[in-house]
Amino acid sequence: MNVKTAIITTIEKTLTRQSIDYPEIEVEVPNDKSHGDFSTNIAMKLARVLRKPPLKIAEELVQASDFDQSIFTAVFVARPGFINFTVNKAIYHDLIPRINDAPSDYGTLTIGKGEHYNIEFVSANPTGSLHIGHARGAAAGDALARVLVKAGYQVTKEFYVNDGGNQINQLAASIKARYNQAFGINQAVPEDGYHGPEIKKLADEIIKEVGDRFLHEEGVEFFKAYGVDSLLASLKEDLAQFNVTFDVWFKESQLYKENRIEETLNVLKDRGYTYEEDGALWLKTSLYGDEKDRVIVKSDGTYTYITPDIAYHYDKLSRGYTKLIDILGGDHHGYVPRLKAAIAMMSGQEEMLDVELLQMVKVLQDGQEIKMSKRSGKSITLADLMAEVGKDPIRYFFAMRSLNTHMDLDLDLALKESNENPVFYAQYAHARIASLFRQAETKGYQVDPTLSTFSTLNGEKIEYLLTVLSEYPDAIEEAATKRIPHKITHYIHRLAQALHSFYADEIILSEDAVKVRERLALLHAVKAVLKDALTLVGVDAKERM
RNA sequence: GUUUCGGUAGCUCAGUUGGAUAGAGCAACGGCCUUCUAAGCCGUCGGUCGGGGGUUCGAAUCCCUCCCGGAACGCCA
């Protein structure tokens with residue numbers, strides 16, 4: 001039973017009967033409890049059309065409409081023209097057995113029916129460790145993917161491995177330099193190379209395996225392959241520990257091997273989107289809103305960065321997804337128009353690719369900003385962070401923020417592991433119920449998840465808890481359609497708050513067996529929804545804390 | 001200079017297809033543990049929504065303009 005739908009259809013019926021043309025009827029949950037449980041501003045919208053005071057329209061509308069009295073305990077008009085509704089919270093009792101019967105079904109939607117999304121995120125180069133920026137991408141992309149799945153979309157999560165470009169040559173050269181250094185040869189790591197400690201470690205490993213062999217041989221191919229393989233393996237490991245997995249790991253080198261880039265270029269040439277100038281091949285991206293055309297084959301015959309990336313997206317298109325989503329760092333925003341242009345050329349649809357930009361994370365320590373530096377190899381790695389604070393606070397923290405907001409991460413705060421971190425609040429709510437259940441058992445009470453009729457679930461705290469439970473599907477829908485996974489952490493917080501407030505308000509394991517049984521069934525449902533929502537942002541629901 | 005993201009409470013952030021008295025967490029302050037986990041609850045304090053104009057019944061939200069900060073502007077990746 002959906003209350004919003006009931007309101008909308010009732011009003012629609014009235015307006016249609018009166019032959020009034022009406023705009024979309026919006027029903028929302030007011031911020032202020034004194035405005036009821038639901039409200040609509042339709043009378044204000046109609047004021048323009050009907051040329052009558054909104055207050056009067058609202059009153060007449062309420063008079064003429066037949067709102068179901070078993071759902072609504074009050075329908076009232078408020079200045080300047082809102083119609084507010086108070087609902088009988090007993091209608092939410094149905095939710096309890098429904099949730100308890102199939103916990104993961106609750107909030108599961110079908111709005112993505114028939115759609116298959118491909119979502120690409122992180123896609124860090126295999127040239128070093130994952131840092132804090134990648135962590136944000138991983139947390140955001142994974143949460144979004146899970147929310148989309150929950151909303152009924154089919155989703156493929158994908159990681160593009162840049163193992164074909166010039167940066168891999170730099171990687172090999174960097175490892176080689178560290179390798180030589182280990183033998184006392186004074187050779188600096190190239191200026192544009194990779195300076196992190198993980199590169200040194202790799203060189204040491206290689207020496208253990210092959211000794212001084214590459215003092216006499218060039219070994220570039222060996223260093224490339226070894227470096228990419230082992231850095232990729234550790235990326236995967238870090239991500240897995242961060243509770244992020246991918247369905248597809250797509251290697252750029254595969255595009256070269258299978259001649260896919262030439263193939264893609266031919267498609268673009270055949271469709272007349274290219275031309276030659278100054279000895280280079282250009283793509284007419286300005287046709288699709290880019291500020292100028294872009295070179296895709298340089299005059300020396302090599303490709304620019306975007307060329308294999310276009311071929312990669314062409315491959316994704318060929319796999320039949322209905323939508324491609326790329327989650328990119330905000331520093332790539334200038335790259336987006338040309339990529340979208342290329343995809344429009346290949347797919348014939350300008351809206352095929354959605355790009356979600358993540359803004360930079362500013363890291364603070366002792367009140368000072370820590371700058372990442374490629375040259376010194378200094379950066380805060382995901383692995384270090386997880387070792388110090390654990391996966392959950394980091395995931396929750398990133399999931400709390402909207403994707404395209406600039407954000408600050410205060411390390412002193414993050415490392416504190418105190419209640420300043422809101423993830424504990426949510427996990428505690430879940431653990432609290434678990435603890436209560438253990439306690440109930442020792443007192444001889446059974447949690448009965450099949451309980452379906454209730455007579456004692458009333459009072460402000462319980463009704464609020466039921467109301468918040470009822471809002472879960474709406475939260476999922478909004479998070480999925482607007483691509484705002486932080487809606488989920490907001491929901492989690494509201495539910496945890498409702499739980500804590502109720503818990504503090506009364507002794508649940510009282511002497512009244514009926515009351516106890518009904519409350520335990522309610523809490524069983526709350527626990528299940530908390531867990532489901534936490535899972536959407538990749539956070540564990542703990543049984544104990 | 002152009003493009004782009006941002007500027008909302010002391011701090012970190014929601015709210016931005018125009019709606020009710022602008023919200024939350026943290027911090028601060030005051031209460032609540034002989035009773036199911038106090039990582040909790042209840043309450044208080046806290047705002048010229050960067051500035052200024054405009055549009056209208058109504059603007060944090062739309063338009064114009066200015067100020068401040070991040071980022072991108074390559075036949076680099």
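Computed over heavy atoms, backbone and side chain alike; hydrogens, waters and symmetry mates excluded. Naming: A, B, ... by sequence-line order, numbering from 1 per chain. Owing to the predicted nature of the structure, the values given are computational and were not obtained by experimental measurement.
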Tell me, please, which residues at least two apart from A:Tyr445 pass ring-ring contact (aromatic ring centres under 6.0 Å, His included). none
Pairing partner (Watson-Crick or G-U wobble, both distances under 3.5 angstrom) of B:A14: none
For atom P, what is the distance between B:A9 and B:G52, given to the nearest Å? 16 Å
Write down the distance separating the P atoms in B:U48 and B:C11, rounded off to the nearest Å. 12 Å
Charged N to carboxylate O below 4.0 Å: is that the case for A:Arg438 and A:Glu441? no
When syn is taken as a glycosidic angle within 90 degrees of 0, is B:C57 syn or anti? anti
Partner set under ring-ring contact (aromatic ring centres under 6.0 Å, His included) for A:Tyr491, not counting sequence neighbours: A:Tyr472
Can you check the distance between B:U61 and B:A22, where both ends of the measurement are the C1' atom (answer in whole Å)? 11 Å
What's A:Tyr425 touching, base or sugar-phosphate or nothing? Going by heavy atoms closer than 4.0 Å. sugar-phosphate
In this structure, are over 12 heavy atoms from other groups packed under 6.0 Å from A:Lys531 atom NZ? no
Using whole Å, what does the distance between atom C1' of nucleotide B:C41 and atom NZ of A:Lys461 come to? 8 Å
Report the distance from atom NZ of A:Lys362 to atom C1' of B:G7, rounded to the nearest whole Å. 12 Å
Counting only pairs under 3.5 Å, give me each side-chain donor-acceptor contact of residues 329-344 of chain A, with atom names and distances, residues two or more places apart or in other chains.
{"from": "A:His333", "atom 1": "ND1", "to": "A:Gly330", "atom 2": "O", "distance (Å)": "3.4"}
{"from": "A:Tyr335", "atom 1": "OH", "to": "A:Asp309", "atom 2": "OD2", "distance (Å)": "2.7"}
{"from": "A:Arg338", "atom 1": "NH2", "to": "A:Gly334", "atom 2": "O", "distance (Å)": "3.4"}

C1' spacing across the pair B:C57 / B:U2, given as an integer number of angstrom: 40 Å
Using both distances under 3.5 Å as the test, list the Watson-Crick or G-U wobble partner of B:A28, or none. B:U44
Taking CG from A:Leu357 and C1' from B:U3, how many angstroms apart are they, rounded to a whole number? 13 Å
Specify the separation, in whole Å, of atom CD of A:Gln427 and atom P of B:G40. 12 Å
Residue pairs passing the ring pair (Phe, Tyr, Trp, His ring centres under 6.0 Å) test with at least one member in residues 20-54 of chain A, sequence neighbours excluded, are none
Whether each nucleotide of nucleotides 72-77 of chain B has a protein heavy atom under 4.0 Å at its base (B), only at its sugar-phosphate (S) or at neither (-) is summarised, 5' to 3', as S-SBSB
Spacing of the C1' atoms in B:A24 and B:G46 (rounded, Å): 14 Å
With the threshold set at under 4.0 Å for non-hydrogen atoms, list the residues of residues 497-521 of chain A touching RNA chain B in residue-number order. A:Gln497, A:His500, A:Ser501, A:Tyr503, A:Ala504, A:Glu506, A:Ile507, A:Ile508, A:Leu509
In whole Å, I'd like the distance from the CG atom of A:Asp410 to the C1' atom of B:A27. 13 Å
Paired with B:A9: which nucleotide, if any, by Watson-Crick or G-U wobble criteria at under 3.5 Å for both distances? none
B:U2 pairs with, by Watson-Crick or G-U criteria that keep both distances under 3.5 Å: B:A72
For B:U35, which nucleotide in any strand shown is its Watson-Crick or wobble partner with both distances under 3.5 Å? none
Could you state the atom-to-atom distance from CD1 of A:Ile83 to P of B:A20 in whole Å? 16 Å
Does A:Asp37 have any side-chain hydrogen bond (donor to acceptor under 3.5 Å, both in side chains) partners at least two apart in sequence or in another chain, and if so, which? A:Lys89
Need to verify one output field. Residue with the more 5' nearest nucleotide on RNA chain B, A:Arg544 or A:Asn84? A:Asn84
Give a yes/no on whether any side-chain N or O of A:Arg79 is located under 4.0 angstrom from OP1 or OP2 of B:G19. no
Could you check how far CZ of A:Phe38 sits from P of B:A20, rounded to whole Å? 18 Å
For A:Asn166, which residues count as a side-chain contact (heavy atoms from CB on, under 4.5 Å) partner, sequence neighbours excluded? A:Asn169, A:Gln170
Could you tell me how far apart A:His35 (NE2) and B:A22 (C1') are, to the nearest whole angstrom? 14 Å
Can you give one letter per nucleotide of nucleotides 10-16 of chain B, going 5' to 3': B for a protein heavy atom under 4.0 Å from the base, S for sugar-phosphate only, - for none? --SSSS-
For A:Gln359, answer base if it contacts any base atom (sugar-phosphate contacts may also be present), sugar-phosphate if it contacts only those atoms, and nothing otherwise; contact means non-hydrogen atoms under 4.0 Å. base
Should the ring pair A:Tyr256 and A:Tyr303 be called parallel, tilted or perpendicular, given that the plane angle runs from 0 to 90° and is split at 30 and 60? tilted
Once you apply the 3.5 Å cut-off to both distances, tell me the Watson-Crick or G-U wobble partner of B:A20, or none. none
On a whole-Å scale, what distance lies between the P atoms belonging to B:C49 and B:A20? 15 Å
So, using ring-ring contact (aromatic ring centres under 6.0 Å, His included) as the criterion, who are the partners of A:Phe121 when residues are at least two apart? A:Phe246
For a quick check of understanding: with a heavy-atom distance under 4.0 Å over all strands, which category does A:Ala429 fall into, base, sugar-phosphate or nothing? nothing
Do the charged groups of A:Arg494 and A:Glu471 touch, with an N to O distance under 4.0 Å? yes
By ring-ring contact (aromatic ring centres under 6.0 Å, His included), A:His486 pairs with (sequence neighbours left out) A:His490
Can you list everything that forms a side-chain hydrogen bond (donor to acceptor under 3.5 Å, both in side chains) with A:Asn100? Sequence neighbours excluded, please. A:His524
Pairwise C1' distance for B:C62 and B:G10, with rounding to whole Å: 32 Å
Look at the rings of A:Tyr312 and A:Phe250 and say which category their plane angle falls in: under 30° parallel, 30 to 60° tilted, over 60° perpendicular. tilted
Work out how far the C1' atom of B:U12 is from that of B:U17, and round it to whole angstrom. 28 Å
